[in-house]
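Residue numbers start at 1 and run along the sequence shown. Treat the numbers as computed from the prediction; the structure is a model and nothing was measured.
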Amino acid sequence: MLTSVSSACADDSPLPGGFVYQLQGYPGGRLDELAAAPFRTAVVDLARDAGSSYFRADEIGRLKASGKRVLAYFEIGSIEEFRPDFAAIRAERLLLNEWPSWPGEHFVRYWEPGWWELAVRPRLDRALATGFDGVYLDTPLAYEEIDLALLPGTDRVALAARMTDLIVRISAHVKRLNPAFGVYPQNSPELREYPGYLAAIDGIGMEELFFRATDEPCTAEFCAANLAQTRKLKEAGKTVLAVDYATRAENVAEACRRYREEGFEGYVTVRALDTVAAPCR
């Protein structure tokens, strides 16, 4: 969710500071700053401006040439009103409730064929054709946030299973075309308990394991539950890309310490994801 708008590395072992996550604010619309930054993995939006100006293959190629694995960010459980495919999704009657935390963003009927044909498959095919090394899939948590009153007879378990099915389908589609192409859902690590999920993913992106936006220690019950599930994924051999939102030096240092302790690839930044922060040391 936004407020506006190589070769893959051979060593895939967790590296503190090895992950950078920027979705907007690219200086001059270019990726030069990211290319120069000392990270092994970069997550960028599939689109330069989160709209219709998509990154070209030569631009992604230059970023990869800096030694980075590059993942394309997009959403699989919701859509923002400024996305170019929003009108078609609305016309197909795939929209559900608006997300209160992100005005202008709507959850969708992600299990419907129209969502796959109009949004997901075109984005996957664009990422593959542009030369990305994988995809970073946001909003699997839609299954928890959709207003059940809009779906009589449906419950959270059924919605979780449908989200798992979508992730499995995504993985099958991209790996048929490029077996090395990575699949990294963001959040909802509990989906690992559903059949097919674990085999479909290469890793997971996790937000706010240690600090919520901004500089707020993550002490709620769900924080401990998320960490426990994330550890299970790490134990299963999946890469963990962890991002926390903090700016105070002591909190940044604490998050980095926790990444080292857990063996996660970690990155501490601001919630807008519009700048390149310093790597963990």
Side-chain angles (χ1 to χ4, degrees), residues 1-5 21 23 43 45-46 50 73-83 85-86 89-90 92-116 118-120 123 135-170 183-194 196-197 200-201 204-209 211-214 216 218-230 233 241-245 271-273:
M1 65 290 300
L2 293 180
T3 54
S4 66
V5 238
Y21 187 12
L23 299 185
V43 176
D45 199 291
L46 184 61
Y73 168 98
F74 61 84
E75 313 222 24
I76 60 171
S78 62
I79 188 169
E80 307 101 328
E81 293 176 1
F82 55 78
R83 296 286 179 179
D85 41 8
F86 179 80
I89 298 301
R90 179 173 54 191
E92 194 70 12
R93 301 183 181 275
L94 295 171
L95 299 181
L96 291 168
N97 52 295
E98 187 173 12
W99 195 352
S101 300
W102 297 91
E105 181 163 355
H106 303 257
F107 296 108
V108 298
R109 298 175 181 268
Y110 52 81
W111 55 92
E112 295 284 352
W115 178 244
W116 174 262
L118 292 171
V120 179
R123 294 173 181 180
V135 284
Y136 190 93
L137 308 169
D138 201 3
T139 56
L141 57 70
Y143 89 88
E144 297 181 279
E145 299 289 342
I146 286 173
D147 183 356
L148 289 179
L150 300 174
L151 301 171
T154 302
D155 60 19
R156 299 292 177 202
V157 173
L159 289 176
R162 291 174 183 176
M163 179 55 72
T164 302
D165 289 345
L166 177 58
I167 293 169
V168 170
R169 186 177 187 183
I170 287 169
V183 176
Y184 295 79
Q186 177 168 269
N187 299 322
S188 303
E190 67 280 358
L191 292 179
R192 72 177 187 84
E193 299 173 359
Y194 286 77
Y197 177 85
I201 70 168
I204 189 168
M206 285 299 304
E207 291 181 295
E208 300 179 313
L209 283 174
F211 288 94
R212 303 179 66 189
T214 300
E216 179 184 341
C218 197
T219 57
E221 187 173 321
F222 75 84
C223 302
N226 276 345
L227 181 55
Q229 293 281 15
T230 303
L233 287 168
L241 305 177
V243 58
D244 286 273
Y245 303 117
R271 191 184 192 213
L273 295 169

**Fill in**
Sequence neighbours excluded, the answer for side-chain hydrogen bond (donor to acceptor under 3.5 Å, both in side chains) partners of Arg109 is none
Nearest heavy atoms of [X] and [Y], plus distance in Å:
| X | Y | value |
| --- | --- | --- |
| Pro185 | Tyr197 | CG-OH, 3.7 Å |
| Gly77 | Ala142 | O-CB, 3.4 Å |
| Tyr73 | Asp45 | CD2-OD2, 3.7 Å |
| Val168 | Gly196 | CG2-O, 3.5 Å |
| Val183 | Ala200 | CB-O, 3.8 Å |

Expected output: side-chain [X] to main-chain [Y] donor-acceptor under 3.5 Å:
| X | Y | answer |
| --- | --- | --- |
| Glu208 | Ala213 | yes |
| Ser78 | Phe107 | no |
| Trp115 | Ile76 | yes |
| Arg212 | Thr219 | no |
| Asn97 | Asp147 | yes |
| Glu80 | Glu105 | no |
| Asp244 | Phe211 | yes |

**Asked** Would you say the side chain of Leu209 lies within less than 4.5 Å of the side chain of Cys223, judging by non-hydrogen atoms?
**Response** no
**Asked** Is there side-chain contact between Ile89 and Leu118, with at least one heavy-atom pair below 4.5 Å?
**Response** yes
For residues 153-160, tabulate all N or O donor-acceptor pairs below 3.5 Å that involve a side-chain atom, not counting sequence neighbours.
| residue | atom | partner | partner atom | Å |
| --- | --- | --- | --- | --- |
| Asp155 | OD1 | Val157 | N | 3.3 |
| Asp155 | OD1 | Ala158 | N | 2.8 |
| Arg156 | NH1 | Tyr143 | O | 3.0 |
| Arg156 | NH1 | Glu144 | O | 3.4 |
| Arg156 | NH1 | Ile146 | O | 2.8 |
| Arg156 | NH2 | Ile146 | O | 3.1 |

**Request:** Verify the distance criterion only: is there a donor paired with an acceptor across the side chains of Tyr21 and Gln186 at less than 3.5 Å?
**Result:** yes
**Asked** Can we call the ring centroids of Tyr136 and Phe74 under 6.0 Å apart?
**Response** no
**ring-ring contact (aromatic ring centres under 6.0 Å, His included) involving Tyr245 - partner list, sequence neighbours excluded** = none
